[in-house]
Amino acid sequence: MDRTLVMKFGGTSVGSADAINRAVTLIQEGAGKWENLVVVVSAMSGVTDNLIRCARTAAGGQQEGYLEIIEALRDRHVSVVNLLFQADQEQQELLQVIEHQLSNLTALCSSIHILGEVTPRAMDVISSLGERINARIIAALLRELGLLSQAVDATECIVTDARFQSAVPLMDKTREKVRSRLLPEFGENRIPVVTGFMAATEDGITTTLGRGGSDYTAAILGSCLDAAEVWTWTDVDGVMTADPRLVPDAKVIPMLSYAEVSELAYFGAKVLHPRTIRPIVERNIPLWVKNTFNPGIEGTCIVREADKQQDLVKAVTLIKDLSMVTVEGRGMMGVPGIAARTFGAVARQGASVLMISQASSEQSISFIIPAETSQEVIRSVESEMELELERRDVDRVWAMDGIVIVTVVGAGMRHIPGIAARVFKALAGEGINVVAIAQGSSDFSLSLVVSAADGAAAVGSIHNGLFN
Ligand code: ASP
Ligand code: MG
């Protein structure tokens with residue numbers, strides 16, 4: 001049976017000559033163990049940001065600014081190539097690749113400069129440039145190590161719609177194209193090094209899959225190639241039980257289900273975007289998150305459904321910079337439609353509601369939104385409730401600023417009694433006041449609102465109470 005592994009390297013894992021050396025060592029090891037290996041690479045860390053900044057600077061009319069950014073990008077890539085390669089043919093060819101890509105960039109930016117505008121379509125060509133260079137560097141280095149390898153632009157494999165900057169793959173067409181492009185590489189025993197993040201429409205116009213999209217690339221390829229596993233290499237040991245900056249004894253979570261990943265991402269943990277991993281989760285392909293700077297640690301495995309025995313509490317997260325808006329009034333009791341109209345007014349401001357709680361007496365509705373939207377949201381709700389405010393059915397609409405949401409995530413929470421009791425005991429032990437509570441509709445989470453000043457202590461004490 002074919003055993004295929006997709007290995008994806010994030011920006012910091014291929015962000016310097018040293019990091020790239022580590023990455024190719026890991027690829028070499030993988031090549032010895034797996035029948036087929038596909039590598040997906042990001043741009044060097046910070047390069048995509050700089051490319052986007054470059055295009056925007058050009059559009060803003062500052063010629064000096066964008067030329068300087070291009071110069072810095074040239075320096076960075078040339079110096080990495082010079083550190084990694086002797087003066088040989090691979091080195092010469094890579095320097096030409098860099099020159100070619102950057103002179104394209106300069107030409108594009110000078111048109112943008114003249115037009116004074118950058119279209120999303122042009123932005124996709126520009127922002128994916130770092131991936132194109134990096135794939136070529138890494139394939140060349142693998143060849144220097146005696147492996148057969150070939151850089152592949154994902155425009156040759158992944159077919160998307162034309163929603164530039166966050167294109168959606170057309171999976172049937174993509175599957176066909178991925179297989180016809182990459183299976184022959186396997187046949188020749190070559191390791192394809194595919195550019196992450198970028199793709200193309202059916203007409204071959206470059207698109208990108210959204211920021212951080214290389215994970216998506218890896219998942220798409222894993223799914224289309226019926227891979228046995230997908231590994232994403234990054235600069236942390238895996239998904240952690242809490243942010244290690246808040247909780248120094250946070251641990252790596254060995255196994256997570258797709259639902260838990262979604263919950264974690266929603267509640268502020270920096271993990272994979274659930275959308276990006278859906279293609280492989282659907283096919284039951286496990287995804288590992290591993291650390292290139294600490295490859296001895298196994299990392300976190302994400303599966304469709306985690307083993308029930310393991311499903312206790314997984315992590316404690318924190319979302320900062322929030323406000324709680326309350327609509328209150330004795331006349332609201334039993335009046336249908338108040339909630340619908342309130343949230344309609346919130347939606348018109350484009351604010352996303354993170355949590356809702358309603359007192360059972362129906363005398364108030366409270367909801368949590370990002371702090372920066374609270375003033376507009378209050379105005380919008382007030383104007384929706386103009387009549388009710390006049391009649392005093394609604395007394396006031398007000399915001400409590402400076403709050404955070406602390407969430408405990410884990411699919412096992414619904415089976416294990418007493419988790420909530422332990423959470424509240426931990427908070428009481430620290431004298432932390434809980435402003436509001438919500439149980440996630442999925443039963444996979446319990447969220448608490450506390451004041452921002454108590455946020456870190458709340459995460460620490462809950463983590464301590466549940467994991468120690
Ligand atoms: N280089 C792209 C970005 O920074 C894609 C990625 O890193 O996954 O968004
Ligand atoms: Mg990245």
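Residues: numbered from 1 along the sequence shown. What's counted below: heavy atoms across the whole structure, side chains too, no hydrogens, waters or symmetry copies. In each ligand, atom 1 is the first atom listed, and ligand 1 is the first ligand listed.
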Looking at ligand 1, does any of its N/O atoms fall within less than 3.5 Å of an N/O of Gly212? yes

Test item, Gly11 contacting ligand 1 (heavy atom, 4.0 angstrom): no

Using distance alone, with no hydrogens and no angle criterion, decide if Thr12 and Asp235 have a side-chain donor and acceptor under 3.5 Å apart. yes

Between Arg211, His273, Glu131, which one has a non-hydrogen atom sitting closest to atom 2 (C) of ligand 1? Glu131

For Ser214, which part has a heavy atom under 4.0 Å from ligand 1: side chain, backbone, both, or neither? both

Taking Ser447 for its side chain and Thr407 for its backbone only, find out whether a donor-acceptor pair lies under 3.5 Å. no

Under the side chain to side chain contact (heavy atoms under 4.5 Å, CB included) test, which residues partner Ser380, sequence neighbours left out? Ala345, Gln349

Can you list everything that forms a side chain to side chain contact (heavy atoms under 4.5 Å, CB included) with Glu144? Sequence neighbours excluded, please. Phe85, Asp88, Glu90

Salt bridge present between Glu99 and Arg74 (N-O < 4.0 angstrom): yes

With a cut-off of 4.0 Å, which atoms of ligand 1 are near a heavy atom of Ser42? 6 (C), 7 (O), 8 (O)

Give the atoms of ligand 1, by number and element, whose distance to some non-hydrogen atom of Thr48 is under 4.0 Å. 1 (N), 2 (C), 3 (C), 4 (O)

Any atom of ligand 1 sitting under 4.0 Å from a heavy atom of Gly213? yes

